[in-house]
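Take a look at the structure set out below.
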Amino acid sequence: MDFNEYQKAIIKYDLGVATDKVSNPDFMDKILGLVGESGEVAEKFKKVIRDKNSEMSEVDREEIAKELGDVLWYIATIARYMEVPLEEIVKKNLDKAQSRYERGKISGSGDNR
Ligand SMILES: [Mg+2]
């Protein structure tokens, strides 16, 4: 399955109605959902650090991978609301990383370095 297929396949799980109006409750739900699911990823890592001497079990890996999937769902859905194919986001991100790599700018700061 490619990225755009995934983005289309998950539409049926979205209870909202796609809109490009960011303040629409259906759109806000996705923005807040992305933050919430990202927080769930961080929380699971925190517990591995705090309770397991930073060593992930296989169950931890599976649970964190599920949460990363939830993050992906929100990214794909937000992109759909914005009418941006997920494949385009992936490609532009890869192009950016490759450019930084070729220019020796992987480390450092700034969105447009
Ligand atoms: Mg989750």
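Read the numbers this way: they start at 1 and go in the same order the structure lists the ligands and their atoms.
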So, Tyr74 versus Asp29: side-chain donor-acceptor pair below 3.5 Å or not? no
Between Ser99 and Arg103, is there a side-chain donor-acceptor contact under 3.5 Å, judged purely by atom types and distance?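 Yes.
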Would you indicate whether Leu15, at its atom CG, is surrounded by more than 12 heavy atoms from other residues, nucleotides or ligands within a distance under 6.0 Å? no
Does the distance from a Lys or Arg side-chain N to an Asp or Glu carboxylate O, for Asp95 and Lys91, drop under 4.0 Å? yes
salt_bridge(Glu62, Lys66) N-O dist < 4.0 Å: no
What are the protein N, O or S atoms, given as residue plus atom name, that sit under 2.8 Å from the Mg ion (ligand 1)?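 Metal shell, protein only: Glu37 OE1, Glu40 OE1, Glu67 OE1, Asp70 OD2.
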Distance (rounded to the nearest 0.5 Å) between Lys52 NZ and Asp60 CG: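 So the gap between those two atoms works out to 3.5 Å.
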